[in-house]
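Within every chain, numbering begins at 1; the chains are lettered A, B, ... in the order of the sequence lines, protein sequences first and strands thereafter.
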Protein chains: 2
Amino acid sequence: MEPSYSISELSNEFGVTNITIRYYESIGILIPKRYGQKRIYSSSDRVTLELILRGKRLGFSLSESKEIIDLYSASQGEEGQLKLLINKLNDKRLELLEKRKDLNTALATMDSYSAKCRQRLKELESDK
Amino acid sequence: MEPSYSISELSNEFGVTNITIRYYESIGILIPKRYGQKRIYSSSDRVTLELILRGKRLGFSLSESKEIIDLYSASQGEEGQLKLLINKLNDKRLELLEKRKDLNTALATMDSYSAKCRQRLKELESDK
DNA sequence: ATACATGTTTACGTTTACGTAAACGATAAC
DNA sequence: GTTATCGTTTACGTAAACGTAAACATGTAT
């Protein structure tokens with residue numbers, strides 16, 4: 001039996017609001033089943049939400065995340081489609097590597113600045 | 001002699017519009033000197049712009065970047081301030097490390113998915 | 001049976017991060 | 001000397017990503 005989740009279970013678990021989750025549905029990126037009028041989320045929906053939120057943290061827009069998610073869910077193509085898919089995935093991979101470069105630069109900047117601060121603090125201490 | 005830049009020199013170099021740069025001024029994050037009414041950007045202003053744009057690529061809002069930039073430009077404090085600063089920098093550093101984790105997760109997901117696609121492609125080839 | 005928690009839709013509002021358009025100033029080129 | 005070129009301010013517009021409020025449905029608890 002596949003587990004399923006209500007909207008509030010998901011919103012609580014991931015620290016977002018129900019409104020946010022419904023918004024994702026309204027833009028066609030996270031579309032759950034229904035039981036009557038209530039939304040029922042599968043574990044695959046849960047993974048999708050994880051991808052969306054991770055994407056946000058990494059500075060991807062919702063439409064960019066949608067693009068990637070659509071790629072993931074389009075695995076069962078024939079040869080031509082598969083090749084295209086692999087290429088697109090590779091592009092996205094390169095984007096991520098660029099981001100990691102940026103991130104490492106930012107970390108290095110921060111570390112060196114922080115070191116400068118600690119140095120200055122030491123000087124102040126020894127001046128006492 | 002310190003180099004200086006016009007607004008268009010910077011916007012061209014970094015691939016943004018003059019409007020964007022003026023907007024950063026309007027929110028108090030990138031404030032150049034003036035020659036008459038024209039904006040003159042120093043190399044320190046240039047660095048600030050770099051920080052802002054890198055921050056954007058990493059998913060920081062302008063106000064978050066402003067926070068960090070304000071930290072950087074507040075190095076000349078006395079002991080208490082310095083300690084506070086070092087702590088804040090450390091917080092930001094942890095945020096960046098979290099992001100790097102996210103990034104590595106995303107990369108791993110992508111790689112394994114891409115491998116699955118290549119595998120499937122191979123199977124199709126050999127079925128011919 | 002009714003209160004309450006949880007869900008729904010619909011319409012409108014809000015913040016962030018800019019873009020557009022108009023009207024104008026200053027300097028350089030012909 | 002006027003015509004580009006580059007800049008300026010001011011007011012208004014816009015897309016993305018939600019939030020707010022109202023009015024209503026539905027299942028559970030007492």
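Taking the side chain of B/Gln37 as heavy atoms from C-beta on, and the options D/dC18, D/dT8, D/dA25, the nearest nucleotide is D/dT8. For B/Arg22, whose side chain is taken as the heavy atoms from C-beta onward, the closest listed nucleotide among D/dT8, D/dC18, D/dG7 is D/dT8.
The distance from atom CD of A/Glu64 to atom C1' of D/dA15 is 14 Å, rounded to the nearest whole Å. B/Asn18 places its CG atom 13 Å from the P atom of C/dT20, with the value rounded to the nearest Å. Taking atom CD1 of residue B/Ile27 and atom P of nucleotide C/dG19, one finds them 13 Å apart after rounding to whole Å. Distance B/Arg34 CZ to D/dG7 C1': 10 Å, rounded to the nearest Å. A/Arg39 has its CZ atom 15 Å from the C1' atom of D/dT26, to the nearest Å. Between B/Lys66 atom NZ and C/dT15 atom C1' there is a gap of 17 Å when expressed in whole angstrom units. A straight line from OH of B/Tyr23 to P of D/dT8 spans 18 Å, rounded to a whole angstrom. Distance, A/Arg57 CZ to D/dA17 C1': 17 Å, rounded to whole Å.
In terms of position on DNA chain C, the residue among B/Ser61 and B/Tyr35 whose nearest nucleotide sits closer to the 5' end is B/Ser61.
Scanning both residues, A/Ile68 and B/Met110, for their nearest heavy atoms gives CG2-CE, 4.0 Å.
Contacts of A/Leu62 with the nucleic acid, taken as non-hydrogen atoms under 4.0 Å apart, involve only primed sugar atoms and P, OP1 or OP2. At the heavy-atom level, B/Ile7 lies under 4.0 Å from the strands shown only through sugar-phosphate atoms.
Taking 4.0 Å as the cut-off between side-chain N and carboxylate O, A/Arg34 and A/Glu25 count as a salt-bridged pair.
Because its NZ or CZ atom is not both nearer than 6.0 Å to the ring centre of A/Tyr24 and within 45° of the ring axis, A/Lys66 does not count as a cation-pi partner of that residue.
Considering only heavy atoms from C-beta on, A/Arg46 comes within 4.5 Å of A/Phe14 through its side chain.
Within the structure, every side-chain polar atom (N or O) of A/Ser6 is placed at least 4.0 Å from both OP1 and OP2 of C/dT6. Distances shown here put every side-chain N or O of A/Lys56 at or beyond 4.0 Å from the OP1 or OP2 atom of D/dA17. Regarding contacts with the backbone of D/dG27, every side-chain N or O of A/Lys38 stays at 4.0 angstrom or more from both OP1 and OP2. The phosphate of C/dT16 (OP1 or OP2) has no side-chain N or O of B/Ser63 nearer than 4.0 angstrom. Taking only side-chain nitrogens and oxygens, A/Tyr24 comes nearer than 4.0 Å to OP1 or OP2 of D/dC18. The phosphate of D/dC18 (OP1 or OP2) has no side-chain N or O of A/Thr17 nearer than 4.0 angstrom.
Judged by distance alone, with hydrogens and angles left aside, the side-chain atoms of B/Asn104 form a donor-acceptor pair with the main-chain N or O of B/Arg100 at under 3.5 Å.
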